[in-house]
Q: 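Structure in structure tokens, see below.
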Amino acid sequence: MDGMCKGLHEACGVFGIYAPGRDVARVSFFALYALQHRGQESAGIATSDGHLAYLHKGMGLVAQVFNEENMRPLQGHMAIAHNRYSTTGTVSLRNAQPYLIETLHGPLGIAHNGNLTNVNKLRLKLLQRGVGLVSGSDSEVITQMLAFPQQSNSWEVRIAAFMAEAEGAYALTILSKEAVFGVRDPWGLRPLVLGEFPNGGWALASESCALSTIGAKLVREIEPGEIVRLDAAGVTSTQGQPLRQRALCIFEYVYFARPDSILEGQAVHLVRQRLGEELAREAPVEADIVIGVPDSSTPAAIGLANALDIPFTEGLTKNRYIGRTFIQPDDRLRQMGVALKFNALDANLAGKRVIMVDDSIVRGNTAGPLVRLLRQAGAKEVHVRVSSPPVRHSCFMGVDMATQEELIAHRLDVEGIRQHIGADSLHYLSYEGMIRAVNAGAPRPMTYCTACFSGRYPVPLDEAWLQQRKSRKESFETLRG
Ligand code: SF4
């Protein structure tokens with residue numbers, strides 16, 4: 001389901017490219033376009049020709065931020081780019097990325113996906129060193145930490161020094177005078193992949209779908225704790241920090257990633273189908289049709305329909321051009337958003353017993369209106385199946401997910417939620433079923449961050465920072481990259 005409706009927002013997509021002879025700004029534009037689902041608040045591209053760096057960023061969708069005129073000055077053979085998503089609190093250009101500053105070592109640009117969980121400690125350290133900060137963003141903290149003079153002139157040494165101090169989630173693309181870097185936190189919480197162009201040149205992206213869009217071939221994932229350098233010598237790799245427990249965000253499989261992306265060697269679409277198959281095994285029900293909430297729930301709905309041998313069909317159509325609106329801060333507007341965004345296909349629904357598959361229920365503001373929509377269209381029964389377990393805990397690793405109190409599964413049990421949304425039956429996929437489905441196609445056994453389902457956070461959480469986040473909801477927006 002669309003994140004805008006359910007109050008679940010991926011926080012950012014990042015991209016990087018080193019490709020002499022190519023129009024790197026234009027390539028970055030199309031990569032950001034492919035990563036648009038990861039962030040719709042702002043977009044930006046920073047380029048470098050090895051001497052000077054150039055930047056353009058703005059509020060809105062990629063296509064709204066860039067045009068031929070403002071892309072013309074973005075010269076050079078290397079670039080980084082960023083899509084940002086935020087819907088709570090104020091929306092501000094100040095938080096748009098990439099950050100680009102001048103340092104002792106030349107220009108430095110940063111694009112960040114994730115959330116540092118010890119950012120307060122790091123901020124204090126910078127302030128004590130006399131570094132002025134202009135925002136509450138942890139991405140600015142990263143930028144300033146990387147700029148800080150170290151004994152070595154090597155960027156790898158400075159990046160490793162930052163990694164030694166940082167805790168939490170970060171997938172970074174970094175632009176310097178001579179190279180582009182890709183960095184992933186030691187847990188590998190947020191995805192980052194490496195691609196190669198057939199005629200020379202390299203790219204980094206949050207998801208492989210961006211590589212396909214720009215004609216690059218997926219080479220591999222950046223490993224947790226790894227620093228990859230793209231420059232005239234090709235690709236070099238150093239381990240900035242040892243691998244901690246592998247903890248890729250499992251929600252990437254459930255909802256965030258595009259279905260045509262490859263994560264850890266698995267096609268996301270196939271994993272989602274398996275989530276649907278598990279769901280069918282756990283909670284079969286007699287019905288005439290299976291529908292998915294467009295678009296992200298479609299693969300799980302197909303998997304469930306195949307497993308139950310019930311026809312999959314369209315029951316809801318989505319207006320893809322409503323797009324993101326900045327005006328939806330409260331529940332009433334969110335509910336209106338459902339009506340604006342979805343229409344029921346009466347011809348397919350009238351008189352039918354319907355299984356509606358959704359990938360997750362977060363706040364619970366969308367499922368109820370959708371069930372009503374199906375009933376108004378004549379559905380005789382509506383059985384809701386959710387292809388992930390109940391979301392009971394907030395995310396502190398870079399996903400804007402609502403506070404714990406706002407999570408419907410934190411307040412109500414499954415029967416309470418069923419009554420709230422008005423379904424004839426409701427079943428969430430079990431935790432074990434989700435892990436089984438995700439691991440079934442993995443080339444080797446993997447571990448994941450599942451904290452929003454299980455409450456087990458893979459990274460240490462700073463208590464003072466947690467309190468700050470809980471008490472100042474509006475500050476979420478400035479704390480996230
Ligand atoms: Fe992903 Fe949930 Fe972990 Fe956040 S808490 S990183 S959304 S699995």
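Just follow the structure's listing: the first ligand is 1, and inside any ligand the first atom is 1.
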Q: Quick check: does any side chain N or O of Asn118 sit under 3.5 Å from a backbone N or O of Lys121, one acting as donor and the other as acceptor?
A: no
Q: Please work out whether the ring planes of Tyr253 and Tyr448 are parallel, tilted or perpendicular, with thresholds of 30° and 60°.
A: perpendicular
Q: Give the atoms of ligand 1, by number and element, whose distance to some non-hydrogen atom of Ile250 is under 4.0 Å.
A: 8 (S)
Q: Counting only heavy atoms closer than 4.0 Å, does ligand 1 sit against the backbone of Arg456, its side chain, both, or neither?
A: neither
Q: Give a yes/no on ligand 1: does Arg190 have at least one heavy atom closer than 4.0 angstrom to it?
A: yes
Q: Is Cys449 close enough that one of its N/O/S atoms sits under 2.8 Å from atom 3 (Fe) of ligand 1?
A: yes
Q: Can you pull the salt bridge (charged side-chain N to carboxylate O under 4.0 Å, His left out) pairs that have at least one residue in residues 429-442, sequence neighbours excluded?
A: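 As it turns out, the salt bridge (charged side-chain N to carboxylate O under 4.0 Å, His left out) pairs with a partner in residues 429-442, which skip direct neighbours, are Glu278-Arg436.
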Q: Near Cys249, which atoms of ligand 1 are under 4.0 Å from a heavy atom of that residue?
A: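 Counting from 1, the qualifying ligand atoms are 1 (Fe), 6 (S), 7 (S), 8 (S).
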Q: Hey, is Glu207 close enough to Arg38 for a salt bridge, meaning N to O under 4.0 Å?
A: yes
Q: For ligand 1, which atoms sit closer than 4.0 Å to a heavy atom of Cys452?
A: 2 (Fe), 5 (S), 7 (S), 8 (S)
Q: Any salt bridge linking Asp295 with Lys318? Criterion: basic side-chain nitrogen under 4.0 Å from a carboxylate oxygen.
A: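 Result for this pair is yes, salt bridge flagged.
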